[in-house]
Amino acid sequence: MQNLETTYLGLPIKNPIVVGSSGLAATIGGIKKLASAGAAAIVLKSVFEEEIKAEAEQTIGQQLGADENNLEFYDYYDYQVKNEVLENYVSLIKEAKESVDIPIIASINCSSSSEWVSFANKIESAGADAIELNIFKLPFGIKDDAAELEKVYFDIVRKVKDCLSIPVGIKLAPYFTNLGSVINRLSHSGVDGLVLFNRFTSVDYDIENDQVITGKVYSSADDYVNSLRWISISSADAGCDLVASTGVQDYRSLVKMLMAGAASVEVVSAIYKEGPEVIGAMLSELQAWMERRSFTGINDFKGRLSQGKSSNPEVFERVQFMRYFSGHKH
Ligand SMILES: Cc1cc2nc3c(=O)[nH]c(=O)nc-3n(C[C@H](O)[C@H](O)[C@H](O)COP(=O)(O)O)c2cc1C
């Protein structure tokens with residue numbers, strides 16, 4: 001029997017499959033199903049910085065009606081509502097910890113280093129094994145400087161690491177002007193892991209009804225390639241665990257991410273599409289593949305195909321199709 005143990009944000013886990021943050025882990029029922037399906041750890045549905053603000057504003061609006069300028073009331077309700085969101089989340093963490101015996105990771109979706117930092121302490125006291133921060137600052141400002149946008153990430157890391165003792169991970173989007181450098185610098189900034197990458201909701205058009213609609217919610221099985229490239233490029237010099245996210249839907253992409261140097265992977269869309277049983281299927285196929293290849297543990301092949309170990313490192317940096325098209329007849 002192969003040993004599938006590995007790590008996630010430096011935490012030891014029994015196998016490389018972590019359930020990524022989503023509505024799959026918003027209830028105790030969902031969490032129990034994922035745990036009994038074989039998940040090594042579960043990231044809870046995120047508390048959204050905007051959600052906390054929006055809910056506060058809505059409730060305050062209802063309670064105060066036209067009297068929005070009554071700042072004393074505003075402060076009172078603001079505090080109450082934020083507390084409610086947090087209390088529900090804290091209860092979910094506590095109940096999850098009592099119900100399953102795998103690491104439970106809290107998730108905060110944020111774009112600034114204020115508002116939610118005080119929540120992080122309560123999340124830690126509730127028993128969360130780690131916190132994953134889904135940070136994204138959309139570069140709306142046409143005069144914004146890339147270095148200033150990047151600084152927000154480092155400020156958040158510093159602030160959160162200063163007040164927590166549990167591991168902290170950051171889930172990143174791939175949209176940086178200098179992605180390789182940001183990954184490398186963040187990995188050495190004191191965080192315990194980087195999750196590469198988050199996938200956003202997209203906008204699409206219904207061309208028969210002239211409507212703007214939400215794009216495809218779930219990733220496809222070949223969407224893993226961007227994460228694969230950047231994990232391959234980054235893993236040799238990374239200062240923390242790299243965790244692959246987006247498009248990991250079968251044992252093949254799972255194996256590829258580990259060979260690129262990921263310590264573990266996060267899976268969401270595959271579970272929505274196929275049910276929690278997909279976790280067990282991926283794990284038994286991983287076992288069979290390792291047996292076939294005579295690998296006894298994850299470290300036997302982790303990073304084996306990373307750019308750092310490649311005899312042909314340029315292949316990871318090739319992005320244009322020049323050779324492909326020049327050799328093809330149409
Ligand atoms: C329905 C749905 C809900 C999600 N909710 C969250 C969330 O609350 N917080 C978060 O950080 N990511 C959320 N995500 C993003 C996933 O955690 C994951 O990063 C993304 O779906 C890519 O992984 P996948 O290809 O395995 O789906 C959600 C994704 C889906 C499909």
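From a predicted model like this one, the values you see are computed outputs, not experimental measurements.
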Going hydrophobic residue to hydrophobic residue with side-chain gaps under 4.5 angstrom, can you get from [X] over to [Y]?
X	Y	result
I170	V182	yes
V43	V278	no
I271	V195	no
L196	V267	yes
L194	I131	yes

By side-chain contact (heavy atoms from CB on, under 4.5 Å) - contacts of F301 (at least two apart):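 Counting only residues at least two positions away or on another chain, F301 forms a side-chain contact (heavy atoms from CB on, under 4.5 Å) with L258, M259, L286, W289, M290, F295, I298, R304.
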side-chain contact (heavy atoms from CB on, under 4.5 Å) partners for L11, two or more places apart: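 L11: side-chain contact (heavy atoms from CB on, under 4.5 Å) contacts with P103, I105, D129, A130, P167.
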Check against side chain to side chain contact (heavy atoms under 4.5 Å, CB included), V47 and L86: CA-CA 8 Å; V47 178; L86 183 64; 6.0 Å; no
With a sphere of 6.0 Å drawn around [atom1] of [X], does it hold more than 12 non-hydrogen atoms of other residues, nucleotides or ligands?
X	atom1	result
K97	NZ	yes
K161	NZ	yes
K14	NZ	yes

Ion pair check, K159 and D162, cut-off under 4.0 Å: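 So K159 does not pair with D162 through a salt bridge.
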Euclidean distance, [Y] [atom2] relative to [X] [atom1], rounded to 0.5 Å:
X	Y	atom1	atom2	answer
N134	S107	CG	OG	6.0 Å
D206	I213	CG	CD1	5.5 Å
K171	I108	NZ	CD1	13.5 Å
I93	E124	CD1	CD	10.5 Å
E148	K151	CD	NZ	8.5 Å
I166	I123	CD1	CD1	8.0 Å

Qualifying side-chain hydrogen bond (donor to acceptor under 3.5 Å, both in side chains) pairs, either residue in residues 254-270, two or more places apart: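 Residue pairs passing side-chain hydrogen bond (donor to acceptor under 3.5 Å, both in side chains), neighbours aside: Y8-E266, S219-S269, Y224-K256.
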For the backbone of [Y] and the side chain of [X], can you confirm whether one donor and one acceptor N or O come within less than 3.5 Å of each other?
X	Y	value
D250	S253	yes
Q287	Q2	yes
T6	P16	no

So do the side chains of [X] and [Y] get within less than 4.5 Å of each other, counting heavy atoms only?
X	Y	answer
I28	V100	no
N88	L92	no
C163	V117	yes
V268	R199	no
F119	V85	no
I183	I233	no
S232	L305	no
T177	E150	yes

Specify the closest pair of heavy atoms between [X] and [Y], including all atoms of both residues, with the distance to one decimal.
X	Y	result
K32	S99	CE-CB, 3.7 Å
P174	L179	O-CD2, 3.6 Å
I31	A96	CD1-CB, 4.0 Å
L44	S21	O-OG, 2.8 Å

Distance flag, aromatic centroids of F136 and F200, threshold under 6.0 Å: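 For F200 and F136, the ring centres are under 6.0 Å apart.
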For F154, all residues meeting ring-ring contact (aromatic ring centres under 6.0 Å, His included), sequence neighbours excluded: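 F154: no ring-ring contact (aromatic ring centres under 6.0 Å, His included) contacts found.
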Stepwise side chain to side chain contact (heavy atoms under 4.5 Å, CB included) test for V217 and Y272: CA-CA 10 Å; V217 174; Y272 270 109; over 6 Å; no
Evaluation steps, side chain to side chain contact (heavy atoms under 4.5 Å, CB included), between V19 and I279: CA-CA 9 Å; V19 179; I279 299 171; 4.0 Å; yes
Stepwise side chain to side chain contact (heavy atoms under 4.5 Å, CB included) test for E132 and V243: CA-CA 11 Å; E132 185 182 284; V243 180; over 6 Å; no
Hey, can you pull the donor-acceptor pairs under 3.5 Å for the side chains in residues 234-242, sequence neighbours left out?
residue : atom : partner : partner atom : Å
S234    : OG   : W230    : O            : 2.6
S235    : OG   : I231    : O            : 3.2
S235    : OG   : A260    : O            : 2.8
D241    : OD1  : T7      : OG1          : 3.3
D241    : OD2  : T7      : OG1          : 2.8
D241    : OD2  : L9      : N            : 3.4
D241    : OD2  : G10     : N            : 2.8

Contacts of type side-chain hydrogen bond (donor to acceptor under 3.5 Å, both in side chains), residue S284, not counting sequence neighbours: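 Checked S284 against side-chain hydrogen bond (donor to acceptor under 3.5 Å, both in side chains); zero matches.
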